[in-house]
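Every chain is numbered from 1 and lettered A, B, ... according to where its sequence line falls, protein lines coming before strand lines.
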Amino acid sequence: MTDNTDLYPYLKTLNESQRQAVLKTDGAVLVLAGAGTGKTRALTTRLGHILNTRTALPGQILAVTFTNKAAQEMKERVSSMLGGMDVGHWWIGTFHSLCAKILRSHAPLVGLTSNFTIIDTDDQIRLMKQIMQSHGMDTKQHSPNAVMGMVERWKDKAQNPADVKHEHSGDLAGGRVAFLYGEYQERLRSLNACDFGDLILHVITIFKDTANGVLDQYHHRFTHILVDEYQDTNVAQYLWLRLLAQKKGNICCVGDDDQSIYGWRGAEVGNILRFEKDFKNAEIIRLEQNYRSTPNILEAANGVIANNASRLGKNLWTDKDKGEKVQLNGVWDGAQEARMVTDQIERLKRNSIPYNEMAVLVRASFQMREFEERLNYCGLPYRVIGGARFYERMEIRDAIAYLRTVFSDTDDLAFERIINTPKRSIGDKTVRDIATFGRTNNLSLFQASKQMVGDGSLRPAVRTALGDLLAQFDRWKDLRDDINHVDLADTVLNESGYITMWQNDKSVEAKGRLENLKELLTAMGEFESLDEFLEHIALVMENQEKNDGDRITLMTMHGAKGLEFHAVFLPGWEEGLFPSQRSMDEKGMEGLEEERRLAYVAITRARKFCHISHAANRRMYGSWVSSIPSRFIGELPEGPIEIGVDGQLSAGYTHHNQHNDNTSSSFGARFKQRSSFNGNGREEAVHFVQASPSVNTFTSEGGYKKGERVFHEKFGSGLVISVENDRLEISFDKAGRKKILDRFVKPLGKAQVQ
DNA sequence: TAGATACAGCCTATC
DNA sequence: GCTGTATCTA
């Protein structure tokens, strides 16, 4: 080992476990890398070391990541380690892009041609909807979305339609999901298209059929396999890896079971938990020395995650100074929470912490609005990460649909999208008629349209409109070889009237949409051909994160995985919101543990300062909801926590309160009102006071009667006009009729009017 | 066919 | 409370 470090100086910069992870280059290795333990460093050094020692040539390494960003980063770091070597053509990429590459070379083996299209979520749903409708199913009663979701989970498990039994459909769509899955796959094949799941599934199918020799070919090619974020792999990806690794067995998977937060999209923590069983003589290396956070932050995170039963177990440590304690605050409502956070942000800024080093991480994106409003009000610069991505925007998808139609007569999904955009008086009925005609004559929508315009089976108005459109497409198709794809796109968007449509649109967004279309043309210019561009947008749809200046980051906890900040704010730690009621309802204990891992991920994003908060009242979907502090708050160890510097309501916080026993926490008892988080979204708005309350606002007076006069802190005095359990309908003298919970009003006589 | 109205559902999100 | 969609009606 000492010899090695002399020979390879870069090994000196690693700790003992990291060095092991780099040097164990043969056999199966699982690197359990806790948050902030220098995982990426170990990983890229390992790659570089394998090449440096001539253990493998660049072309013999397969490195798999989950995001393009991660792949890009790995490429850059390995390249710079090797003195700027060109890594452009190396097999470093996402599961999907690597699979697409493989599949394009062997597409006929699964009944596709090499120029198959990759459809996205939007197309998937539309296709499934069409299929359901063509089988006479009511898509209002049975959601295509839910059906598609179930199909995707099957795909995640590498189950083909033949593997899925009728009874697996459950109650969904009248138990016909398995059937619809088969239909869907058939339709995709006839469209020469794949969805994301298929990219992996088809390659597995090809690999498994040993007669074609394809797997042999890749066994020969790849001697070393490297996988990042292994805890996020689904069963299909795991099978894909195992097939590729089974010959040489040199596979190194890096991951952290405690950071598995994508179970809802098919990831299997099980893949990492049973690694030793699946790969012979597997070695597990733990990276536990954390270089990111203070001991206080780590202790808080360790304390929470220790409540999870199913984990491989690992404990982060650091030799840093204790640092500031994690702050915990309870406040009255969401608005006060946002005020408190911005106050803290301003305090940190005064202490020379740049905004770039601060992040507000929320559980659900609806929470962001409150912070955006407050940040705007305070004039603090921020950036929101997440939300609709560039290529998912309507205008971009429309523009691409035009181009796809120009380049393919058989791309029904694309043609259908724009056949009446802008409006050409070609309505649903006409489109359905054409589709039916196409199906019976085995023609695509485009081809069927042509025929029907020719044979006069359409109404004159429709016939003219459709005929004009088809003539335009013919002209554009002729232009394909004469002008470059950017000019072509420009021509198509202008001549089709699509640009004009947005120019005439008076809505607020129209201007932005036109700008996006311009940006699309610029982006296209960076590619040689339209095909290349389309492959890019299908597989490399990264979010352009403009690094424009010093700004506070506002994002979801999920989005924050892999990032770190000096200061992290974690608002909304309330039962029902976090942990999310829905996760628990749908997945029970498993769902709860995943939420807890999310808490662990969130806390460990912080380097120096972490601030957790919860509000007693929050506006959700238009109505006010009260909730008790998150059970995760009760799981925080006492030592590293400092309570209630700002929020007077946190005084009642107690440690180690049991999940199911809110009464053991005085805080919980005080706020134990409506635990109804889900299912109540549609109820009448229940207005709570928004001003800072005195505690006795919460004591229920109870027993109001119709006709009684009452006082409300915000709405003033009023008359009770109906009583339903604890809900009162009150006609206020000034504020009008409101529905109010009885505990928020007082009998008028006792009210203390300021 | 298109605009008007009713109504359900609303988390997390990569490729 | 907002938005996307399904249905109704001119």
Side-chain angles (χ1 to χ4, degrees), chain A residues 64-71 93-100 118-121 124-126 129 133 138-141 143-146 149 152 155-156 194-200 229 232-234 236-237 261-267 361-369 385-389 391-392 394 420 423-431 459 461-462 465 535-543 555-562 572 576-587 591 594-595 597-598 601-602 619-624 677-685:
Chain A
V64 197
T65 64
F66 269 86
T67 63
N68 289 295
K69 200 177 150 204
T94 62
F95 277 101
H96 293 94
S97 65
L98 295 168
C99 281
I118 299 165
I119 67 164
D120 62 17
T121 319
Q124 282 181 295
I125 307 281
R126 287 195 310 146
K129 191 169 158 191
Q133 281 168 343
D138 178 1
T139 50
K140 198 171 179 180
Q141 212 186 332
S143 133
N145 225 321
E152 288 205 292
K155 291 193 173 194
D156 290 339
C194 274
D195 63 19
F196 289 117
D198 285 343
L199 292 173
I200 304 192
E229 304 283 12
D232 290 340
T233 52
N234 60 36
Q237 288 157 339
I261 54 173
Y262 286 113
W264 47 272
R265 63 176 201 211
L361 309 181
V362 297
R363 176 62 181 84
S365 45
F366 77 84
Q367 293 171 261
M368 288 185 191
R369 212 182 61 186
I385 311 274
R389 286 173 302 172
Y391 293 112
E392 281 167 2
M394 186 208 320
N420 198 33
K423 294 265 187 301
R424 300 185 176 91
S425 299
I426 303 167
D428 290 350
K429 176 75 168 58
T430 309
V431 176
R459 287 200 352 253
V462 174
E535 185 90 347
H536 174 83
I537 60 169
L539 293 171
V540 197
M541 288 218 260
E542 66 224 282
N543 234 341
M555 69 197 307
T556 64
M557 295 178 182
H558 282 90
K561 196 170 123 194
L577 177 57
F578 187 51
S580 138
Q581 191 60 49
R582 211 167 138 181
S583 299
M584 295 187 291
D585 289 348
E586 283 168 13
K587 290 224 149 163
E594 182 155 310
E595 294 284 305
R597 292 192 289 268
L598 189 55
V601 167
R619 219 187 157 90
M620 291 179 93
Y621 306 130
S623 46
W624 284 95
F677 227 91
N678 59 338
N680 272 346
R682 299 208 64 71
E683 280 182 1
E684 334 79 302

May I have the distance from [X] (atom [atom1]) to [N] (atom [atom2]), rounded to whole angstrom?
| X | N | atom1 | atom2 | answer |
| --- | --- | --- | --- | --- |
| A/R126 | C/dT5 | CZ | P | 11 Å |
| A/E229 | B/dC15 | CD | P | 12 Å |
| A/R582 | B/dG9 | CZ | P | 11 Å |
| A/N68 | B/dT14 | CG | P | 11 Å |
| A/I261 | B/dT12 | CD1 | C1' | 8 Å |
| A/L199 | B/dC15 | CG | C1' | 8 Å |
| A/M620 | B/dT12 | CE | C1' | 13 Å |
| A/R265 | B/dT12 | CZ | P | 13 Å |

Between A/A236 and A/K155, which heavy-atom pair has the shortest distance, and what is it?
-> CB-O, 3.6 Å
Could you tell me which non-hydrogen atom of A/K561 sits nearest to which non-hydrogen atom of A/I261, and how far apart they are?
->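 It is CD-CD1, 3.7 Å.
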With a 4.5 Å limit on heavy-atom distance, are the side chains of A/R265 and A/N234 in contact?
->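 A/R265 does not reach A/N234 side chain to side chain.
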Non-hydrogen side-chain atoms of A/S425 and A/R459 separated by less than 4.5 Å =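 In short, these two side chains do not touch, never coming nearer than 4.5 Å.
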5'-most by nearest nucleotide on DNA chain C - A/D138 or A/R369 = A/R369
Both distances under 3.5 Å, Watson-Crick or G-U wobble: on that basis, could you give the dot-bracket string for DNA chain B, with [ ] for crossing pairs and | for other-strand partners?
-> ||||||||||.....
Greater than 12 external heavy atoms within 6.0 Å of A/D428's CG | no
Measure from the side-chain heavy atoms of [X] and tell me the nearest of [options].
| X | options | answer |
| --- | --- | --- |
| A/H558 | B/dC15, B/dA2, B/dA13 | B/dA13 |
| A/V462 | B/dC15, C/dA6, B/dT1 | B/dT1 |
| A/R459 | B/dT1, C/dA6, B/dC10 | B/dT1 |
| A/F196 | C/dA6, B/dC15, B/dT12 | B/dC15 |
| A/K429 | B/dT1, B/dA13, B/dC15 | B/dT1 |

What does [X] touch in the nucleic acid at a heavy-atom separation under 4.0 angstrom: a base, only the sugar-phosphate, or nothing?
| X | value |
| --- | --- |
| A/Q124 | nothing |
| A/S580 | base |
| A/K129 | sugar-phosphate |
| A/T121 | base |
| A/D232 | nothing |

Before giving the answer on side-chain contact (heavy atoms from CB on, under 4.5 Å), spell out for A/E595 and A/M557 the whole-Å C-alpha distance, their side-chain angles and the decisive distance to 0.1 Å.
-> CA-CA 10 Å; A/E595 294 284 305; A/M557 295 178 182; over 6 Å; no
Any side-chain N or O of [X] below 4.0 angstrom from OP1/OP2 of [N]?
| X | N | result |
| --- | --- | --- |
| A/S425 | B/dA2 | yes |
| A/S365 | B/dC11 | no |
| A/N420 | B/dA2 | yes |
| A/T430 | B/dT1 | yes |

Separation between OG1 of A/T430 and CG of A/N420, rounded to the nearest 0.5 Å =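 These two atoms lie 8.5 Å from each other.
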Rounded distance (nearest 0.5 Å) linking atom CD of A/E594 with atom CH2 of A/W264 = 8.5 Å
5'-most contact on DNA chain B: A/I426 or A/T94, nearest heavy atom basis?
->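 Result: A/I426.
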Is the ring centre of A/F366 under 5.5 Å from the base ring centre of B/dC11, and are the two planes under 30° apart, so that they stack?
-> no
Please state the P separation for the pair B/dA13 and C/dC2 - nearest whole angstrom.
-> 22 Å
Please assess A/Q237 against A/D232 for the test side-chain contact (heavy atoms from CB on, under 4.5 Å), listing each intermediate value before the final yes or no.
-> CA-CA 9 Å; A/Q237 288 157 339; A/D232 290 340; over 6 Å; no
